[in-house]
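These notes concern the structure reproduced below.
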Amino acid sequence: MAEALGRLNPEQRMAVETIDGPLLVLAGAGTGKTRVLTTRFAYLIASGAARAEEILAFTFTNKAAREMRERVAALLGGPVETLWIGTFHAIAARLLRRHAEAVGLRPDFTILDTDDQLRLIRTLAAEQGIDPKSAPPRFLLAQIQRWKDRALAPEAVPAAEAASVADGKGFDLYATYQERLRGLNAADFGDLILYMVELLRHDPDRLARLQRRFRHVLVDEYQDTNVAQYLWIRLLVEGHGRICCVGDEDQSIYSWRGAEIDNILRFERDFPGSRIVRLERNYRSGEAILAAASGLIAHNEARLGKTLRPADPARAGEKVRVVALEDSDEEARFVATMIETWRAEGERLAEIAILVRAGFQTRAFEEQFLARNLPYRVVGGLRFYERAEIRDALAYARLLFHEEDDLAFERILNVPKRGAGESTLQALRAAAVERNLSLLEAARALCAERKLRGKAGEGIGRLLDDLDRARRLLAERGAAKTLEILLEDVGYFDLWRREGTLEAEGRLENLRELIRVIGEFGSLGEFLEHVALVTELDETVEEEKVSLMTLHAAKGLEFDIVVLPGWEEGMFPNARALEEGGERALEEERRLAYVGLTRARRRAVITHARYRRMFNQVQAAMPSRFLDELPAEWVETGAPGPKRRGLGRVTAPAFAAGSRVMHEIFGEGTVLAAHEGRVDVAFDRIGPRRVLSDYVRPLSD
DNA sequence: GTTCTTCTCCTTTTT
DNA sequence: GGAGAAGAAC
């Protein structure tokens, strides 16, 4: 322990050893936040303040939870199974299963995924005659989630607000949606937190027991908590105030998910007697990058304020480079070529990341990388458990586990196609309601009574037989093997095999992977709980590949080199975000920019295009206002590369058609024609292009 | 009634 | 260039 403490700087040490009251650790990017959290965890135990199982630690991602768990275990010397370290949702689920009946659920309740939620909302909205055009299901679901993020059960939604959403229909839908979820013995993500708060609010004894049981509470990424999470935390530490929140208001980027930056800004008022420790020594980046990022974020109002300083003051590092490109295609080509150059200079691809504002931006880069055989990976795109084939297979698994899982049944009723379409489903629903059965039981009843005719009757009959057979196999063959047999029997594998495309190959591969993973779990139930709460299948093998991801996905990561494309008004800051959220949203966009810049250890390159192709048309784009907000002394403009020896003074006539030239970015090529300030060159690597003559020099040989 | 095809709309970020 | 809804064909 002494050794671990000795590795801390004075501020970090203060953050670890202040354990007698509420503490807010303002941890700037790259200041050793995780080290503080894990050391504090261990210190609480070593100092006798709490036993390991008396410390409750909340994180936002499963990855962060895992990392913390591993590092704490290492500090404590050996794996600790009983640690309460997890995401808000995972911990809520764990606690709720023990107290399910108090919130109207059974302990084996299902946790819905977004697909399920949306399908349910769509059905309910249709039942209630809500026009999907004026009130799209996605929007309604988002509104319901926002209520849940604020810990508002239907009866708690303020009347004025209830009336304002789709003429009050949105609110009615919320009430029925909640009823239906309880009927299905299911909870969605928001419910986990909402129910937790309700449980603690309405049951003082239970609350008191939990307060005694968890002597210390740690919260990571406090700036990302929503109101419901905040209320939960507050209830938990009411009375003793032994809470430590770690966060960075400048990295609060999840308001659209209900995160409330005010939670962190208000900390001192919320938790009387609290102290604040600032971690400002940055161990990641050079001075130039830190100064550029600091200068940018200084434009925000909603801050507690802190200044990042390089831990090594002698390390100025490279300035942030800003490059203007003609259009989005050229941007992608430029970035790809730049990365090829870096690679040739010995940079590792795994240490290069391209961070974009919106997911679709990755496509242009992917195309370039594919064409050039430049290895890349898209981080966080469609996650494993969100793929259609995985969802389908999981629906079969859920049905095996819980016959009454109507949502799973609906999903696979006609997958693969067995002639049971919308009208069949309606008939089943009607029968289910009338006889108070689950859909599957209703199907069984109607089949037995020969009320389902033709293709549908036959198809459903076979499905029921296959399911029965599989269920009988379950105990003997285990979950993985049984699911494999079931998917084979119902013809689900064949569905993809018949396609014969490369994509279908991939899907089959994913299914095999799924079955392998199921095999690693003790039971089907255990596996399904894991799937509901863990969205990624994380085998982040260190591969020599460029990473492509959104700025949101990049939070918490770091790379030697970071490329930030698309810094144009409308794109970044994102126009839609500004429309919805105004000034507050602008500040959040700025925080995103700050997060992006501070991911870089050694080098950051920002690009913007003068013309951007949006869906089908080309639009002129203004450089992002964030570019103007970067302090000029830490920024360098123009393409990188070897110093321009007299370039720019070379005039166009110097380039005779047919002569060989070298371009700073695109490499060598042959001149086709020269124009005023521009040259057409057939480049060896990327083909013909018109480029600025400033960037071209003649090759003497 | 079911499935296939065309059309139109939009595309921010995700535990 | 993708998804969902509406219309057309089986």
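Chain naming here is simple, since letters A, B, ... match the order of the sequence lines and numbering starts at 1 in each. In this text the structure is predicted, and so the values were computed from the model without any measurement.
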Counting any heavy atom closer than 4.0 Å, what does A/Lys417 reach on the DNA or RNA strands: base, sugar-phosphate only, or nothing?
-> sugar-phosphate
Residues A/Arg387 and A/Glu389 bridged, charged N to O under 4.0 Å | no
If you look at every strand shown and take non-hydrogen atoms under 4.0 Å, does A/Gln229 touch a base, only sugar-phosphate, or nothing?
-> nothing
Are OP1 or OP2 of B/dT3 and a side-chain N or O of A/Asn414 less than 4.0 angstrom apart?
-> yes
N or O in side chain of A/Thr114 less than 4.0 angstrom from B/dT14 OP1/OP2 = no
Is A/Asp149 salt-bridged to A/Arg146, cutoff N-O under 4.0 Å?
-> no
Whole angstrom is fine here: how far is it from CD in A/Glu221 over to P in B/dT13?
-> 20 Å
Counting only Watson-Crick or G-U wobble pairs whose two distances fall under 3.5 Å, which nucleotide matches B/dT6?
-> C/dA5
Check whether any side-chain N or O of A/Arg576 sits under 4.0 Å from OP1 or OP2 of B/dT12, and answer yes or no.
-> yes
Base of B/dT13 and ring of A/Trp256 stacked, centres under 5.5 Å, planes under 30° = yes
B/dT12, B/dT15, C/dG1: which one has an atom nearest the side-chain heavy atoms of A/Arg363?
-> C/dG1
Looking only at side-chain N and O atoms, does A/Ser423 come under 4.0 Å of OP1 or OP2 in B/dT2?
-> yes
Distance check: side-chain N/O of A/Thr424 vs OP1/OP2 of B/dG1, anything under 4.0 Å?
-> no
Donor/acceptor link under 3.5 angstrom from A/Arg257 side chain onto base of B/dT14 | no
Heavy atoms under 4.0 Å, any strand shown: does A/Ala577 hit a base, just sugar-phosphate, or nothing?
-> base
Near-ring test A/Tyr254/A/Trp256, centroid separation under 6.0 angstrom | yes
Measure from the ring center of A/Tyr376 to the ring center of A/Phe365 and say whether it is less than 6.0 Å.
-> no
Report the residue from A/Glu127, A/Glu410, A/Glu434 that forms a side chain to side chain donor-acceptor pair (under 3.5 Å) with A/Arg429.
-> A/Glu410
Looking at B/dT12, C/dG1, B/dT15, which one has an atom nearest to any side-chain atom of A/Glu589?
-> B/dT12
C1' gap between B/dT13 and C/dG4, integer Å | 22 Å
Considering only the C1' atoms, how many Å lie between C/dA5 and B/dT12, rounded to the nearest integer?
-> 24 Å
